[in-house]
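What follows is a short report on a single structure.
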Amino acid sequence: MLDIQLLRNQLPFVAERLATRGVTLDTAAFEALEAERKLIQTRTQDLQARRNSLSKQVGILKGKGEDASAVLAEVAGLGGELAASEADLAELMPRFDAFVAVIPNLPHESVPSGKDETGNVEVMRWGTPREFDFDVKDHVDLGSNLGGLDFETAVKISASRFALMSGNVARLHRVLAQFMLDLHSKRHGYCEVGVPYLVNPDSMFGTGQLPKFEEDLFRVVRSDGSLLYLIPTAEVPVTNIVRGEILAPEVLPLKFVCHTPCFRSEAGSYGRDTRGMIRQHQFDKVELVQIVHPEKSWEALEQLTGHAEAVLQMLELPYRKMLLCTGDMGFGAAKTYDLEVWLPAQNTYREISSCSNYETFQARRMQARYRNEKNKPELLHTLNGSGLAVGRTLVAILENYQNADGSISIPTVLRPYFGGAELLDKTG
RNA sequence: GGAGACGUGGCCGAGUGGUCGAAGGCACUCCCCUGCUAAGGGAGCAUUCUGUCAAAACCUGGAUCCAGGGUUCGAAUCCCUGCGUCUCCGCCA
């Protein structure tokens, strides 16, 4: 959420920055809401002040045993007007809040302007795509050959866009997650956390999924009618750890790593990436989250992105690092790097990690603060990034490490997890 | 699932409808005193919104004692609902 004061005081500037994202801020609508708010709120508060002071007088008079009927009559006359004014305010504020809640974050000044993904800027490439002297198979064929990837059975059990992994594929998938957790917790200084996979609407609001993106979520209706949502990313439960908290500055930065399944309805993506594991309703991801001092978030973004890159580098997977342009960034992000891994079967780079600094955008929604040098509560900055998407990493390993006979060489850093083995084949 | 108890500031804890945003204690900050890592004295110490202001500070006012409703001129205090915690029983591990 944006700072209300910024909207009030620098509306043209906000509108201009949002326009770079392709978002049109209805400034006239905001000004109308703000004018109405100011009128109704000040009127309501004046009436409340009057009511409070008269009621206090009643108490004083009665305490002295004197007659309070004159004051009571006066305050009685206020009742209707006050109730009406409070009702007006109660009607207006949700509209006001709803307006502000769907305004995206302002892009950082270092973010290039652009309409869509074609405006993204390649920052660097790492590694060289391998030359194959045989026809490459895609991960679906490779996984099937290994006897461990079965989408038909997954459909029988559940629905399309789910996968059934077994044997060596399931094991490789599990090992990848464990490798990432080990790396981030032992070498990069993150605290591993285990979190609920179902979260309440407040948490979804806090990180920005609600109210605007409900259609992307799976939701669960409980017997009492209340709602829980399946997490679309561990970012939601992990970042919400600090919701409503005022942290002591010395605990910063908080760094969490968390492995969870992620559930996305993928509404609106019909027909895209229908083959294979690239786009699933459920996928595993190891997420990095940092809660930092506001002056430290930009260096933290570089650091966090580097931690995600380290996974790719250690797995020796070629990738490129993209700086997203204004038009391609997510709702709450001020700046985002995407990491894209090379997929031989698609002959292209595909997103495998997205690392963002949200500055105060999520913290304001969550009221996540720390005590600053003046001992006053001040909003934190939040960041998160995939480190990495496990399903897509599995795809990348299968495709990049495939051999002519359909077996898969095991990346060096993973071999300890396989008892030193160097090759995965059907026998697993 | 059944029965009961409870939800107050960073923590503990008082508060039985009226000047309570809230006694007292602990912790913390500042000052004084003190020659010895102790003790004593004084002061301060919730959050948030709003008005004024270019802005900040100050100041004005509103709101907040789990949440949401209700009763009342007035609610931390009474009533209802929900959520949470604890204890006992049942159930399942």
Side-chain angles (χ1 to χ4, degrees), chain A residues 1-14 30-31 33-101 196 198-206 220-229 237 240-252 254 294 360 363-380:
Chain A
M1 213 156 58
L2 296 181
D3 182 2
I4 305 283
Q5 298 300 341
L6 191 68
L7 279 163
R8 284 184 189 140
N9 299 330
Q10 299 184 53
L11 191 59
F13 166 77
V14 172
F30 177 80
E31 283 171 333
L33 278 169
E34 168 62 8
E36 202 181 344
R37 188 226 102 230
K38 193 164 176 171
L39 180 74
I40 295 174
Q41 186 170 14
T42 52
R43 187 180 71 205
T44 304
Q45 291 185 355
D46 286 347
L47 290 166
Q48 286 171 330
R50 186 86 186 122
R51 191 256 334 260
N52 289 347
S53 96
L54 289 172
S55 291
K56 194 173 251 184
Q57 283 180 41
V58 172
I60 293 169
L61 288 172
K62 289 201 171 179
K64 291 180 188 164
E66 293 175 17
D67 175 32
S69 57
V71 181
L72 281 171
E74 190 180 352
V75 77
L78 278 176
E81 199 185 348
L82 177 58
S85 196
E86 284 178 335
D88 287 347
L89 195 61
E91 188 276 327
L92 173 70
M93 288 318 289
R95 280 197 289 131
F96 189 94
D97 294 341
F99 185 93
V100 177
L198 287 163
V199 302
N200 59 38
D202 284 346
S203 292
M204 284 295 185
F205 181 84
V220 175
V221 182
R222 296 213 272 178
S223 56
D224 65 357
S226 66
L227 295 178
L228 290 175
Y229 294 89
N240 273 279
I241 288 171
V242 296
R243 190 176 83 226
E245 302 292 329
I246 300 173
L247 304 178
E250 55 268 23
V251 308
L252 301 174
L254 293 177
T360 58
R364 185 172 293 106
R365 294 169 92 91
M366 294 191 298
Q367 284 302 297
R369 295 166 293 175
Y370 78 105
R371 286 207 184 271
N372 67 17
E373 299 68 24
K374 294 175 186 163
N375 211 33
K376 286 292 165 196
E378 185 178 329
L379 293 169
L380 291 156

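The sequence lines fix the lettering, A, B, ..., with proteins before strands; numbering per chain opens at 1.
Across all strands shown, A56(B) forms no Watson-Crick or G-U wobble pair with both distances under 3.5 Å. Pair assignment for C86(B) gives G4(B), based on Watson-Crick or G-U wobble hydrogen-bonding distances that are each under 3.5 Å. Across every strand in view, A63(B) sits in a pair with U47(B) that passes the Watson-Crick or G-U test at under 3.5 angstrom. Nucleotide U72(B): unpaired (no Watson-Crick or G-U wobble partner with both distances less than 3.5 Å). Using N1 to N3 plus N6-O4 or O6-N4 for Watson-Crick, or N1-O2 and O6-N3 for G-U wobble, each under 3.5 Å, C11(B) pairs with G25(B). Checking G40(B) for Watson-Crick or G-U wobble geometry (two distances, each under 3.5 Å) identifies C32(B) as its partner.
Atom P of nucleotide C73(B) and atom CG of L82(A) are separated by 13 Å, given to the nearest angstrom. A straight line from CG of D97(A) to P of U50(B) spans 11 Å, rounded to a whole angstrom. Between the CD atom of E81(A) and the P atom of C73(B) there is a distance of 17 Å, given to the nearest Å. What separates CZ of R369(A) from C1' of U48(B) is a distance of 8 Å, to the nearest Å. Remark: P of U48(B) and CE of M93(A) are 16 Å apart, rounded to the nearest angstrom. Separating the CD atom of E378(A) from the C1' atom of A56(B) is a distance of 14 Å, rounded to the nearest angstrom. Straight-line distance from the CG atom of N375(A) to the C1' atom of U29(B): 8 Å, rounded to whole Å. For the pair K376(A) NZ and C58(B) P, the computed distance is 8 Å after rounding to whole Å.
Salt bridge E81(A)/R51(A): absent, no basic N to carboxylate O contact under 4.0 Å.
Residue contacts shown for R43(A) are absent, as no nucleic acid heavy atom lies under 4.0 Å away. At the heavy-atom level, R50(A) lies nowhere under 4.0 Å from the strands shown. The residue A49(A) sits close only to the backbone: its heavy atoms come under 4.0 Å of sugar-phosphate atoms, none of a base. When heavy atoms are screened at a 4.0 angstrom cut-off, K56(A) is found touching the sugar-phosphate backbone but no base atom. Across all strands shown, E245(A) has no heavy atoms under 4.0 Å from either base or sugar-phosphate atoms.
Atoms OG1 and CG, from T44(A) and L92(A) in turn, are 9.5 Å apart once rounded to the nearest 0.5 Å.
Between L228(A) and V199(A), every side-chain heavy-atom pair lies at or beyond the 4.5 Å cut-off. Residues L11(A) and E34(A) have side chains not in contact (no heavy-atom distance under 4.5 Å, counting atoms from C-beta outward). Counting heavy atoms from C-beta outward, Q41(A) and K38(A) have side chains that stay 4.5 Å or more apart. At least one side-chain heavy atom of I4(A) sits less than 4.5 Å from a side-chain heavy atom of F96(A).
Using atom C1' as the reference point in both A3(B) and G90(B), the two lie 11 Å apart (nearest Å). Going from the P atom of U87(B) to that of G68(B) covers 28 Å, rounded to whole Å. Using atom C1' as the reference point in both C65(B) and A23(B), the two lie 14 Å apart (nearest Å). For the C1' atom pair drawn from G15(B) and C20(B), the interatomic distance equals 9 Å after rounding to whole Å. Here, U34(B) and U29(B) have their P atoms 22 Å apart, quoted to the whole Å. When the C1' atom is used for both G74(B) and C66(B), the distance is 23 Å, rounded to whole Å. Look at the C1' atom in both C58(B) and C53(B): the space between them is 11 Å, to the nearest Å. Comparing the same atom, C1', in A93(B) and in G21(B) gives a spacing of 47 Å after rounding to whole Å.
With R365(A) contributing its side chain and M204(A) its backbone, the two residues share no donor-acceptor pair below 3.5 Å. For N240(A) (side chain) and S203(A) (main-chain N/O), a donor-acceptor pair under 3.5 Å exists by modelled atom type.
An OP1 or OP2 oxygen of U50(B) is reached within less than 4.0 angstrom by a side-chain nitrogen or oxygen of Q5(A). The side chain of R37(A) places an N or O atom within less than 4.0 Å of a non-bridging phosphate oxygen (OP1 or OP2) of G51(B). In terms of phosphate contacts, R51(A) brings a side-chain nitrogen or oxygen within less than 4.0 Å of OP1 or OP2 of A63(B).
In terms of position along RNA chain B, the nucleotide closest to I4(A) lies nearer the 5' end than the nucleotide closest to the other residue of the pair L54(A) and I4(A). Comparing T42(A) and N52(A), the nucleotide of RNA chain B nearest to each residue sits closer to the 5' end for T42(A).
For V58(A), whose side chain is taken as the heavy atoms from C-beta onward, the closest listed nucleotide among C73(B), A46(B), U19(B) is C73(B). The listed nucleotides are G51(B), A55(B), U50(B); the one nearest the side chain of K38(A) is G51(B). Across G61(B), A55(B), U47(B), the shortest atom-to-atom separation from the side chain of R371(A) is found for U47(B).
The base of G62(B) does not come close enough to the side chain of Q48(A) for any donor and acceptor atom to sit less than 3.5 Å apart.
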